[in-house]
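Report on the structure given below.
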Amino acid sequence: MKIRQDSNRLEFENGAADSVKNYFGLRDDLPKILTKINKDGHIEAAINRFKGLRILHQDPWECLISYICATYKNVPAIKSMVENLSRRFGDKIAVEGYTFHTFPTPGRLAQATTQELAGSGLGYRTRYVAETARIVKRTGFDFERLKHATYEEAKKELLAFPGVGFKVADCVMLFSLDRLDAFPVDVWMKRVVLKYYARHFPNWFLQKISAHESPSNSEYRKMNQFGREYFGEYAGYAQEYLYHYERTCAKSKCR
DNA sequence: TAACCACCTTTCTT
DNA sequence: AAAGAAAGGTGGT
């Protein structure tokens with residue numbers, strides 16, 4: 001399957017398979033979603049600037065490991081780690097003369113030595129990835145089952161993996177378990193809260209989260225709850241538009 | 001419960 | 001070019 005982006009639309013060679021449409025979130029009813037999350041001028045600006053942005057429906061296992069690796073790292077570094085893992089432990093595949101590597105299975109990562117994993121640049125995340133891989137392998141963990149669990153139950157089960165806190169759990173649910181109501185809160189969303197949604201929080205709270213970089217668990221819960229209640233069943237989409245808007249337009253003029 | 005803070009490494013910024 | 005800051009947080013105390 002070959003896909004080409006031509007300016008603002010995708011072209012699929014020989015039409016798109018269902019799995020491809022699903023991966024790019026093309027089955028999500030974007031007009032409906034954007035209407036529902038468009039609650040104020042701030043999110044509206046983000047929507048107007050990036051209309052068409054969709055949430056990928058990724059593989060849960062790959063998503064889980066990727067976000068365990070993501071803590072305290074910037075995006076290029078995360079990309080590098082995932083590529084290292086794929087190149088060193090995944091299967092080599094050839095497509096029309098180009099070489100790619102699949103993301104390694106739980107079994108393959110479970111049998112990798114600590115040294116081998118650390119060699120991929122994981123740092124202190126090495127033991128989280130190793131232990132999570134072993135648990136998934138040993139228990140035959142069924143990620144698909146979590147798609148049909150309640151929000152609280154799915155989150156609770158994800159939190160049981162080492163290296164998984166609130167933020168990683170919400171990301172895995174949003175990006176791979178079809179939980180579009182999940183609302184991950186990272187440093188960028190904290191900035192969004194302070195900048196655009198301060199009036200929804202008491203002053204003492206705003207001062208508290210300003211005092212340090214990453215939010216505590218109780219602070220996370222408050223911002224997470226606000227996002228889910230304020231934006232509703234597609235809060236995750238609101239998060240994605242605000243996140244991308246803030247990262248892209250905060251410094252530069254974005255025009 | 002709440003507040004600190006160490007943590008591996010890569011990439012960005014000055 | 002080199003050095004310091006920041007990076008899609010988590011877990012332990």
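Residue numbering restarts at 1 for every chain, and letters A, B, ... go by the order of the sequence lines.
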Give a yes or no on whether the ring-centroid distance for [X] and [Y] is below 6.0 angstrom.
X: A:F161; Y: A:Y128; result: no
X: A:Y197; Y: A:F226; result: yes
X: A:F141; Y: A:F143; result: yes

Check: With both distances under 3.5 angstrom, what nucleotide forms a Watson-Crick or G-U wobble pair with B:dT11?
Finding: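 Looking at the geometry, B:dT11 pairs with C:dA5.
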Notebook entry, point to check: With distance as the sole criterion, do the side chain of A:Y124 and the base of C:dG9 form a donor-acceptor contact below 3.5 Å?
Noted result: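 Indeed, a donor on one side and an acceptor on the other fall under 3.5 Å apart.
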Note to self: Is there, by distance only and without an angle test, a donor paired with an acceptor across the side chain of A:S214 and the base of C:dG9 below 3.5 Å?
What the structure shows: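 Indeed there is one.
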Margin query: So A:R127, base contact, sugar-phosphate only, or nothing? Heavy-atom distance under 4.0 Å.
Written below: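 Nothing, no nucleic acid heavy atom in range.
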Next item on the list: Just call it for A:K208: base, sugar-phosphate, or nothing, with non-hydrogen atoms closer than 4.0 Å on any strand.
Entry: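 Counting heavy atoms under 4.0 Å across all strands, the contact made by A:K208 is with sugar-phosphate only.
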Among [options], the one nearest [X] by side-chain distance:
X: A:E213; options: B:dT11, C:dA7, C:dG8; value: C:dA7
X: A:V75; options: C:dG8, C:dG9, B:dC8; value: C:dG8
X: A:Y128; options: C:dG11, C:dG8, B:dC8; value: C:dG11

Within this structure, what is the [atom1]-to-[atom2] distance between [X] and [N], rounded to whole angstrom?
X: A:R191; N: C:dG8; atom1: CZ; atom2: C1'; answer: 10 Å
X: A:M81; N: B:dT9; atom1: CE; atom2: P; answer: 11 Å
X: A:H212; N: B:dC5; atom1: NE2; atom2: C1'; answer: 12 Å
X: A:D170; N: C:dG9; atom1: CG; atom2: C1'; answer: 13 Å
X: A:L158; N: C:dT10; atom1: CG; atom2: C1'; answer: 15 Å
X: A:Y72; N: B:dT9; atom1: OH; atom2: C1'; answer: 11 Å
X: A:F205; N: B:dA2; atom1: CZ; atom2: P; answer: 12 Å
X: A:N74; N: B:dC12; atom1: CG; atom2: C1'; answer: 7 Å

Expressed in whole Å, how much space separates the [atom1] atoms belonging to [N] and [M]?
N: C:dA1; M: B:dT11; atom1: C1'; result: 16 Å
N: B:dC5; M: C:dG8; atom1: P; result: 23 Å
N: C:dA5; M: B:dC8; atom1: C1'; result: 16 Å
N: C:dA6; M: B:dC7; atom1: C1'; result: 15 Å

Notebook entry, point to check: Which of parallel (below 30°), tilted (30 to 60°) and perpendicular (above 60°) describes A:Y196 and A:Y245?
Noted result: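 Aromatic pair A:Y196/A:Y245 classed tilted.
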Item checked: Modelled atom types, side-chain donor and acceptor of A:H101 and A:D91, under 3.5 Å ->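 Distance-only check fails for A:H101 and A:D91.
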Margin query: Need to verify one output field. Residue with the more 5' nearest nucleotide on DNA chain B, A:T71 or A:P76?
Written below: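 This one resolves to A:T71.
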Next item on the list: Map A:S80 and A:E219 onto DNA chain B by nearest heavy atom, then report which one ends up closer to the 5' terminus.
Entry: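 That would be A:E219.
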Item checked: Stacked pair A:Y243-C:dG8, distance under 5.5 Å, angle under 30° ->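 Here A:Y243 meets both the 5.5 Å and the 30° conditions.
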Notebook entry, point to check: Starting at the 5' end of DNA chain C, which residue's closest nucleotide do you reach first, A:A70 or A:F161?
Noted result: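 Its nearest nucleotide being more 5', the pick is A:A70.
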Checklist line | Of A:P162 and A:R125, the one whose closest DNA chain C nucleotide lies more 5' | finding: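 Result of the comparison: A:R125.
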Item checked: Qualifying residue for salt bridge (charged side-chain N to carboxylate O under 4.0 Å, His left out) with A:E233, from A:K36, A:R179, A:R228 ->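 Of the listed options, the one satisfying the test is A:K36.
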